[in-house]
Amino acid sequence: MKIENNEAAESSGKTKNGQITESGWKAKKEQTIKSSGKAVNSRKSKVKMIAGMAVLMAACAAFGIALGMYFNSWKTTVDSDRNDISENDSGVPDSNNGDAESSADDSEDNVPEDKAADKKDDAEISEEEAEEAWVQEQLQRLTTEEKVAQLFIITPETLTGVDVAVAAGDATRNSLYQYPVGGFVYFSGNIQSGEQVMQMLSATQQYSMERIGLPVFTCIDEEGGTVARIGNSGLAGIPLIENMSQVTDPQRAYTIGQTLGSYLSQYGFNLDFAPVADVLSNPSNTVVWNRSFGPDCNQVSVMVQQVLNGLHDYGVYGAVKHFPGHGATAGDTHEGYAYTDKTLEQMMTNEMIPFAQAIQNGVKFVMVGHISVPGITGDGIPSSLSYSVVTDILRNQLGFEGVVVTDALNMGAISQNYSAADTAVMAIGAGCDLLLMPSDFYSAYQGVLNAVYDGRISVERLNESVARILRVKKTLM
């Protein structure tokens, strides 16, 4: 029994009095070791799991940082390209975009030349499309009456009824509200002082913007020499300029253009009816003889372009005149009929060369004279009223897409032979866009309006001229 009891005690690991036997100690130790191993293994598993999660989180963080760096790099490149395109369009770099310019340069270095060119072409096309969309929006917005009014450039006296306009006040505002004309032309009588001219033109622009949302063309004949409304007005600080017949140096012609552009832009003028592009091919001509750069068509072309360049430096448009070439005539269209018997071939190789060259160089305005060219048209109709001269030759053959402005329609060659209403309708029918100083503005305006209403001038034809005017006015806004 004792033996059995001892065996039972050993098997339980305890004696009767509860003491642990040697075998119990061993069993307890092995159990403790096993439990410790399990705990250790459990802790190892947890550590491995935590370490794995840490690695995964680190990888995600690294991926996020890399993705952010890639996005920032892409955004910088896109912004830089935009800045570069904007600067190319404006022609004036932004001094605050040095970093962007560097990024744009680095980006362009990594882009094939053909793709970079495609980018710029797309940007240019988009700008042209945006401009055309704006033009179409204006055409939809303007009424027929407003469109017709935009075709006219008149004196401020014509619109307001005052004897001599030297300021723009309520009379100008009220008159513009009724007839929102395309522009005004000013003469020496309108010039008293620099400050007075600036205030008059500034107020006029303000009234036009309030009325129709478009600027007016503020025009003047400022050729230099004998024809200079400001230069010969005695206004202080304005340098005297010699006749163009005395100018033989292209640099001098450029300086003249800059001089004219400088004070014209300062006073608020945006369109100068100059330079004279007539080739003095008839030595007997007394109309443009001292206003022309001479008898050599190539020399005239160079001088004309230099004057235009100088004007453009100051944001003033020039209108080359008097197409197809007044230098070939003997008569004076101011007084009456003036003509040349020259053929188209003859004029294309001489008198029209300066005009063709200016058109190739992007001139925006061409003034058509009232000379008759029966050797071209087969009749005595003035060029300004001739479809053959304005549309067939100037537009189609020479490729002019800009604004055609007539010479003053109150001149003898026109007013002695045609009514103001008929003149205006004929000029638009010929392809002209701006009608300068009709002998009777109100009659001329109503004549064009009636012609649109009864279909003699189509809405499409009216919109063509207004669209050309709007494209230029957009650049003045």
Chi angles and distances behind the side-chain hydrogen bond (donor to acceptor under 3.5 Å, both in side chains) call for D422, S419: CA-CA 5 Å; D422 288 343; S419 70; 3.2 Å; yes
Before you tell me yes or no, could you show the steps for Y317 and T475 under side-chain hydrogen bond (donor to acceptor under 3.5 Å, both in side chains), namely the whole-Å CA-CA distance, both residues' side-chain angles and the distance that decides it to 0.1 Å? CA-CA 11 Å; Y317 284 106; T475 68; 2.7 Å; yes
For [X], all residues meeting salt bridge (charged side-chain N to carboxylate O under 4.0 Å, His left out), sequence neighbours excluded:
| X | answer |
| --- | --- |
| E157 | none |
| E210 | R173 |
| K321 | D221, E223 |

Under the side chain to side chain contact (heavy atoms under 4.5 Å, CB included) rule, collect the residues that match up with T143, sequence neighbours excluded.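 For T143, the residues satisfying side chain to side chain contact (heavy atoms under 4.5 Å, CB included) (neighbours in sequence not counted) are E145, E146.
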Sequence-distant partners of A253, side chain to side chain contact (heavy atoms under 4.5 Å, CB included), two or more places apart: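 Once residues adjacent in sequence are excluded, the partners of A253 under the side chain to side chain contact (heavy atoms under 4.5 Å, CB included) criterion are V247, M303, Q306, V307.
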Evaluate the side-chain hydrogen bond (donor to acceptor under 3.5 Å, both in side chains) criterion for residues K473 and Q150: first the C-alpha distance (whole Å), next the side-chain angles of each, then the deciding distance (0.1 Å), finally the verdict. CA-CA 11 Å; K473 289 195 171 187; Q150 283 291 298; 2.7 Å; yes
What ring-ring contact (aromatic ring centres under 6.0 Å, His included) pairs are there with at least one residue in [range], not counting sequence neighbours?
| range | value |
| --- | --- |
| residues 410-436 | none |
| residues 228-258 | none |
| residues 127-169 | F152-F441 |
| residues 191-228 | F217-F365 |

Got a salt bridge between E401 and R468, using NZ or NE/NH1/NH2 to carboxylate O under 4.0 Å?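 Looking at E401 and R468, the cut-off is not met.
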E222 and R229 ion-paired at < 4.0 Å: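 No, E222 and R229 are not salt-bridged.
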Tell me whether [X] contacts the main-chain N or O of [Y] through its side chain, where contact means a donor paired with an acceptor under 3.5 Å.
| X | Y | result |
| --- | --- | --- |
| N270 | T218 | yes |
| N285 | T329 | yes |
| S233 | I191 | no |
| Q246 | E242 | no |
| Q305 | V302 | no |
| D392 | V389 | no |
| Q446 | S443 | no |
| S439 | N410 | no |
| K474 | I469 | no |
| D278 | H326 | yes |

Check side chain to side chain donor-acceptor pair (under 3.5 Å) between Q178 and all other residues, then give those that pass, not counting sequence neighbours.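 For Q178 there are no side chain to side chain donor-acceptor pair (under 3.5 Å) partners, ignoring immediate neighbours.
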For S465, all residues meeting side chain to side chain donor-acceptor pair (under 3.5 Å), sequence neighbours excluded: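 Checked S465 against side chain to side chain donor-acceptor pair (under 3.5 Å); matches are D433, R461.
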Neighbour count above 12 (heavy atom, 6.0 Å) for [X] [atom1]:
| X | atom1 | answer |
| --- | --- | --- |
| D379 | CG | yes |
| Y177 | OH | no |
| K364 | NZ | no |

Partners meeting ring pair (Phe, Tyr, Trp, His ring centres under 6.0 Å) with F293 (sequence neighbours left out):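 In terms of ring pair (Phe, Tyr, Trp, His ring centres under 6.0 Å), with neighbours along the sequence ignored, F293 is linked to no residue.
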Trace of the side-chain hydrogen bond (donor to acceptor under 3.5 Å, both in side chains) decision for Q140 with Q136: CA-CA 6 Å; Q140 291 293 323; Q136 294 304 317; 5.4 Å; no
Going by heavy atoms in the side chains, are L434 and T406 under 4.5 Å from each other?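 No, side chains not in contact.
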Looking just at side-chain N and O atoms, do T155 and T158 make a donor-acceptor pair shorter than 3.5 Å?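 T158 and T155 do have a side-chain donor-acceptor pair below 3.5 Å.
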